Trainee: 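Structure incoming, see below.
Counting starts at 1 for both ligands and their atoms, in listed order. Just so you know, these numbers come straight off a predicted model, no measurement behind them.
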Amino acid sequence: MTNHIPFNRPFIIGNELQYIQQAIQTGKISGNGHFTQKSQQFFENQYQFKKTLLTTSCTDALEMSAILLDIQPEDEIIIPAYTFVSTANAFVLRGAKIVFADSLPNHPNIDPSQIEALISSKTKAIVVVHYAGIACDMDAIQAIADKYGLYIIEDAAQSIDSFYKGKPLGGIGNLATFSFHETKNIIAGEGGMLVVNDERFLKRAEIIWEKGTNRSAFFRGEVDKYGWMDVGSSFLPSEIVAAFLYAQIEELPQIQTKRKAIWQRYFDELQPLQQQGQLQLPYIPDFATNNGHLFYLICNNLSERTALIQHLRKNDIHAVFHYLSLHQSPFYASKHDGRKLPNCERFADCLVRLPLFFELTEEEQKRVVECVRSFFK
Ligand SMILES: *Cc1c(COP(=O)(O)O)cnc(C)c1O
């Protein structure tokens with residue numbers, strides 16, 4: 001064992017290797033086999049999602065969403081600027097213009113009160129990101145979407161097993177996307193899922209998923225040959241990925257319990273520093289649950305954050321900042337309309353994420369906490 005505490009460590013917890021072997025032995029390791037169907041059934045039963053399709057990433061599921069909504073050049077999509085590039089890229093690939101929204105003052109999530117001013121006759125959709133698995137204020141956002149006839153897509157990459165007023169995240173928007181990347185709560189290496197909550201998209205989603213063909217309907221015996229029906233691509237993961245994922249799904253309760261306990265320990269141990277006004281801890285509104293996806297703290301400024309990360313690194317602890325503001329990115333800065341997004345910029349400069357992964361031990365966590373405390377002394 002080394003002394004180093006990584007930011008993340010991928011893990012296996014149950015039957016991952018057994019299920020991969022089983023997939024190989026049954027002679028099917030391409031997509032949409034036994035473990036893909038078992039995984040999809042789990043999510044549909046557990047969270048009442050109308051239809052789920054495993055994908056090779058959340059990025060792919062976002063790209064499928066943009067195809068499903070038939071996004072055209074000149075369409076406008078409202079997206080928080082404090083997010084991962086894929087949230088925006090999926091729509092840029094279809095030629096859309098991204099209208100970036102600011103975060104709330106006290107949370108990286110999109111500020112619903114600023115959305116309405118961003119809507120034009122070209123606006124097609126609002127993409128929300130439930131940052132750290134904490135729900136956006138979906139009633140407020142739904143009211144705006146209904147008023148202007150806009151679609152809602154939930155980028156629920158970080159939101160597995162988290163809720164808004166009792167409703168599972170990923171089950172609220174017309175479409176939603178999840179990630180099973182190795183940094184998320186349940187993992188498959190690279191992996192994702194599209195959730196279709198709006199019936200109008202059910203049939204087409206499956207065709208886009210299967211390279212634009214009605215192959216899935218063919219294998220169910222609904223048509224006697226399959227052909228090219230629509231645009232599409234190869235969005236399915238192999239059964240090897242699905243087998244790994246299904247083993248993680250079986251241990252979801254244990255994973256969630258452990259992650260939430262780690263999260264809570266960080267919160268309790270660092271609370272005195274917040275009370276002394278040294279830093280800010282995560283805020284969770286009453287309408288949202290916490291799924292223990294990530295633990296962050298907010299420093300007072302960029303130089304303090306840089307120094308904290310360096311201090312942790314000197315002590316063999318890997319802590320990391322998170323998103324750079326997309327509206328200021330080399331790719332999009334010249335396309336952005338110039339509005340300042342101060343809350344987003346503050347999170348980009350001041351937020352730091354502490355190590356949080358399933359196998360993090362209490363000893364390791366104590367070291368992280370002590371190290372943060374010693375920095376602020
Ligand atoms: C992780 C993440 C993604 C990308 O997920 P992949 O599965 O790696 O494509 C997209 N959006 C958000 C908010 C994420 O956290």
Trainee: Quick one: are the ring centres of F43 and F180 less than 6.0 Å apart?
Mentor: yes
Trainee: Under 3.5 Å, side-chain donor or acceptor atoms of residues 167-178 against the rest of the protein: list the pairs with distances, not counting sequence neighbours.
Mentor:
residue : atom : partner : partner atom : Å
N174    : OD1  : I152    : N            : 2.8
N174    : ND2  : D198    : OD2          : 2.9

Trainee: What about H311 and F375, are their ring centers closer than 6.0 Å?
Mentor: yes
Trainee: Got more than 12 heavy atoms from elsewhere within 6.0 Å of NZ, K335?
Mentor: yes
Trainee: Can we call the ring centroids of F49 and F42 under 6.0 Å apart?
Mentor: no
Trainee: Any protein N or O within less than 3.5 Å of an N or O in ligand 1? List each pair with its distance, or say none.
Mentor:
residue  : atom   : partner : partner atom : Å
ligand 1 : 5 (O)  : S179    : OG           : 3.3
ligand 1 : 7 (O)  : C58     : N            : 2.9
ligand 1 : 7 (O)  : S179    : OG           : 2.7
ligand 1 : 9 (O)  : C58     : N            : 3.3
ligand 1 : 9 (O)  : T59     : N            : 2.8
ligand 1 : 9 (O)  : T59     : OG1          : 2.5
ligand 1 : 11 (N) : D155    : OD1          : 3.4
ligand 1 : 11 (N) : D155    : OD2          : 2.8
ligand 1 : 15 (O) : Q158    : NE2          : 2.8
ligand 1 : 15 (O) : K184    : NZ           : 3.1
ligand 1 : 15 (O) : Y323    : OH           : 3.4

Trainee: Does W209 have its ring centroid less than 6.0 Å away from the ring centroid of F235?
Mentor: no
